[in-house]
Amino acid sequence: MLASLTVLGTAATTGTAHADGCYTWNRALSQGASGEDVRQLQIRVAGYPGYGEVVAVDGQFGPATKAAVTRFQQAYGLSADGVAGTNTFNKLYALQDNDCTPVHFAYAEMNRCNSDWSGGAVSAASAKANALQQMWKLEALRHALGDRPLTTSSGFRSTACNNAVGGAANSNHLYGRGIDLVGSPSFCEIVKQARSHGFNEILGPGYPGHSDHAHLGTQSSRYWSASNCGI
Ligand code: ZN
């Protein structure tokens, strides 16, 4: 971010210059690489897995990660070679805030009921980390829908919050992986496009209880249902 650039001159004399307040990559990453820097990259390109797929965030740069990086590069008009280098990292820096959320989404939008992330099905830290991953998928979805704003009505829920709204017993919302979207674009536009951005639990109009929002989640197996949208 621009605010960080002003300190680069002094930082360079003391060692690591951070290109971004959130995270700085220090090497180009290509297929075969592994490590935390790969995992950080995977979080940010997980919205580009291809239709019906989910990118594993495991720190191993395999063919699926290469394909996701390529699609990310294509989405932003970069040279698309599947190698994450300076241009790719600079785009990621531009797309994220200092708390590592993508620029068009914030933790508060993913946590409208319980602000400390506790009381769900996983630890608060895990719920928040899951929500971060989902926000990067939302950023990809938003971009694919023509950079139109997306509005959440629900994200992470504690058990109490989930019960209060009549959520399913083992809802992805309890893990920080469930997102409900309202407003525009239309629910059918959202659920159809979401199939290409790392969401494999997709519920919308035609599915019971989902006439007034689009639900997106990520889980171990695919479940899509929005019969009014042809899904
Ligand atoms: Zn939901």
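Numbering of residues begins at 1 and proceeds along the displayed sequence.
- With no hydrogens or angles considered, a side-chain donor-acceptor pair links Gln134 and Thr218 at under 3.5 Å.
- Ring pair Tyr51/Trp224: centre-to-centre distance below 6.0 Å.
- Of all the heavy atoms in Gly198 and Val54, the pair that sits closest is O-CG2, 3.8 Å.
- In the model, His210 has no side-chain atom that pairs as donor or acceptor with a side-chain atom of Asp180 under 3.5 Å.
- With hydrogens and angles ignored, the 3.5 Å screen pairs no side-chain donor or acceptor of Ser171 with any backbone N or O of Gly167.
- Checked for salt-bridge contact, Arg177 and Glu201 miss the test: no charged N lies under 4.0 Å from a carboxylate O.
- The backbone N or O of Ala108 sits nowhere less than 3.5 Å from a side-chain atom of Arg112 that would complete a donor-acceptor pair.
- A salt bridge links Glu36 with Arg39: at least one charged nitrogen is closer than 4.0 Å to a carboxylate oxygen.
- When all heavy atoms are compared, the tightest approach of Val55 to Val45 is CG2-O, 4.5 Å.
- For the 3.5 Å distance criterion, the side chains of Asn170 and Tyr175 qualify, holding a donor opposite an acceptor.
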inquiry  = Would Arg44 and Glu139 count as a salt bridge (Lys or Arg N to Asp or Glu O under 4.0 Å) here? Give the steps.
reply    = CA-CA 9 Å; Arg44 291 158 179 77; Glu139 186 73 27; over 6 Å; no

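- The cationic group of Lys128 lies under 6.0 Å from the six-membered ring centre of Tyr107 and within 45° of the ring axis, placing it in a cation-pi geometry.
- For the pair Thr152 (side chain) and Glu109 (backbone), a donor-acceptor distance under 3.5 Å is present.
- A cation-pi arrangement is absent between Arg27 and Trp25 under the rule of less than 6.0 angstrom and at most 45 degrees off the ring axis.
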